[in-house]
Amino acid sequence: MKRQVESAIEKFILLNGVACIFFVVLIFLFLAREGLALFKTFSPLDFLAGTRWYPISTPPKYGILPLFLGSLIVTLGATVISVPLGMACAIFIGEIAPRWLREILKAGVELLAAIPSIVIGFIGMMTLAPWVKYLFHLPTGLTALSGAITLAFMAVPTIVSIMEDAITAVPKSYRAGSLALGATHWQTIYRVVLPAASSGIVAAVMLGIGRVIGETMAVMMITGNAAVIPTTILEPVRTMTATIAAEMGETVQGSEHYFALFAIGLVLFVISFLINMTAGAFLHRERK
Amino acid sequence: MVSEPLLKIEVKSLNVHYGSLQVLKDVTLSVNKNEILGVIGPANSGKTSFLRVLNRLIDLTPDVRVRGEVHLDGINIYAKMNAEEVRKRVGMVFALPQPLPLSIFDNVAYGPRRHGLHHAGKLAEIVEKSLKAAFLWDEVKDRLSTSGMQLSGGQQQRLCIARTLAVEPEVILYDEPCSGLDPISTAKVEAAMFELKKRYTQILVTNNVKQAARVGDRVAFFLMGELVEIDQAGRIFTAPRDKRTDDYVTGRFG
């Protein structure tokens, strides 16, 4: 009896594990089938390198370059803001803060991660966008910069918590060894702790970027949704994710436009996959 | 007393608490220049805490309170010096050999670089001198750029001694430096200590009573945070004044 229960539980767990992979494969196959269908009627080169996204003109143009660049500029902006902020925060929590403050800060960072992205987007739209408009004398505050700042706040919790884990995992003996040689606290952090934690730090950055590039609702609310190639960060842009979310409801299933949106999804999938692979490779390297 | 040139370190009425736990009780002793002081005692006797007081590494322990005075060349290291300065002058070798995750060369050059020396030629000179003094040069001279973590345990420990020497301290503290080493490596570390006597004052905390007898000029016996006895090594091991010392060195407890 006991053995049967044991074996049943094992099979159940195995089934769950296999199901996870099975669903991922199914999702990918579905995405690939629907996305690649676009290329029966539309050239892949015009899709990837086309500078115009006019899905309802005649003939329609499905060039995702403006959307790709929109995602890129928002993501880069968010990275530039969130990485130094997250890194400084992780170093402070992991190395400098006294124990009682550390617990408070960690709880705070987790709380930040718990805020729904739509709420962050809403706050950004109501408070941040008017400031951007005012400070830079723009016709609208809904710009790539506003999006980057908003998304940075979503990436920071991810970056801080993974980076802090990596920093805390550095053996105490490294710090003691460095300090015993008369190095200062900051020299020890900069010369010993951060290099020793470097693979975890890179992984944290990659996962933060992954979080940003996949974000949809907040970025749709705050970037102004103009599918044009951005020349500065102070212009409205539209990201790949926002395009799918905004247009999916209006397309006819099986139409060229519908397939084009899936093709964008495919591009996003590949980008996210590559980012996660890179992060995983660095995390794995650290464990060895 | 303070102007007495033979005294390198003076400890006066030292009390150390971790939270509500007292780990050192009213310890008063002095260490002479160029001697090796062996410190023995069972687990929890406070000997490692004592060592960490001497180079202020104890500052890193949360909730620690240090009362009493520690003088290095007559200067109070808690009141008149900053921690980095103390640690530069009072180096420490830990129980487990723990090289930094750097090359052999960079491990030894780490200290001097942090103190502002970046001249390549001078660094190379210091690295060679330090590795030679730690009896490691011949074994590693052809692979200075490989990771210090690939060395054997005994080599790593001598690398740690070398990196301590590279900052040119005046005092070297050893916290059970041979606890993880085989007898041959231990002999090499001890040989290095004898050689270093000419220039350095050394304090050796050890669980190995015989090692204290072999290496120490004088030996201090700690028990439950108290300094029971400090005397010439010969005397401690043949005719200790305190019965507890006798019991410990003859292996009746501890």
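Lettering of chains follows the sequences in order, A, B, ..., and the numbering in each one begins at 1.
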Inset, instruction - Name the option with the most non-hydrogen atom pairs under 4.5 Å to chain A; the candidates are B/Lys88, B/Arg89, B/Arg163. - result: B/Arg163
Show me, pair by pair, the donor-acceptor contacts under 3.5 angstrom made by side chains of residues 91-103 of chain B, not counting sequence neighbours?
| unit_1 | atom_1 | unit_2 | atom_2 | d |
| --- | --- | --- | --- | --- |
| B/Gln98 | OE1 | A/Ser173 | OG | 3.4 |
| B/Ser103 | OG | B/Asp106 | N | 3.1 |
| B/Ser103 | OG | B/Asp106 | OD2 | 3.4 |

Legend entry - Among the listed options A/Pro171, A/Pro98, A/Ala183, the residue most often paired with chain B at heavy-atom distances under 4.5 Å: A/Ala183
Inset, instruction - Write out, in numerical order, the residues from residues 109-122 of chain B with a heavy atom short of 4.5 Å from a heavy atom in chain A. - result: B/Tyr110, B/Gly111, B/Arg114, B/His115
Inset, instruction - Could you grab the distance from atom NE2 of A/His185 to atom CG of B/Leu60, nearest 0.5 Å is fine? - result: 8.5 Å
Legend entry - Heavy-atom pair with the smallest gap, counting every atom of A/Ala180 and B/Asn55: CB-ND2, 4.4 Å
Legend entry - Segment of A/Arg175 engaging chain B (4.5 angstrom heavy-atom cut-off): neither
Inset, instruction - Check the surroundings of atom CZ in A/Phe153: do more than 12 heavy atoms from other residues, nucleotides or ligands lie under 6.0 Å from it? - result: no
Inset, instruction - Side chain from CB out, backbone as N, CA, C, O: work out which of these in B/Arg52 comes under 4.5 Å of a heavy atom of chain A, or both, or neither. - result: neither
Inset, instruction - Looking only at non-hydrogen atoms, find the nearest pair between B/Glu84 and A/Thr184 and report the distance. - result: CG-CG2, 3.6 Å
Inset, instruction - Decide if atom OH of B/Tyr200 counts as having more than 12 heavy atoms of other residues, nucleotides or ligands within a radius under 6.0 Å. - result: yes
Legend entry - Heavy atoms from other residues, nucleotides or ligands near CZ of A/Phe92 exceed 12 (cutoff 6.0 Å): yes
Legend entry - Closest approach of B/Val167 to A/Leu181 (non-hydrogen atoms, all atoms of both residues): CG1-O, 3.7 Å
Inset, instruction - Search all heavy atoms of B/Asp63 against all heavy atoms of A/Arg99 and return the closest pair with its distance. - result: OD2-NH2, 3.4 Å
Legend entry - Flag if over 12 foreign heavy atoms under 6.0 Å of CG, B/Asn44: no
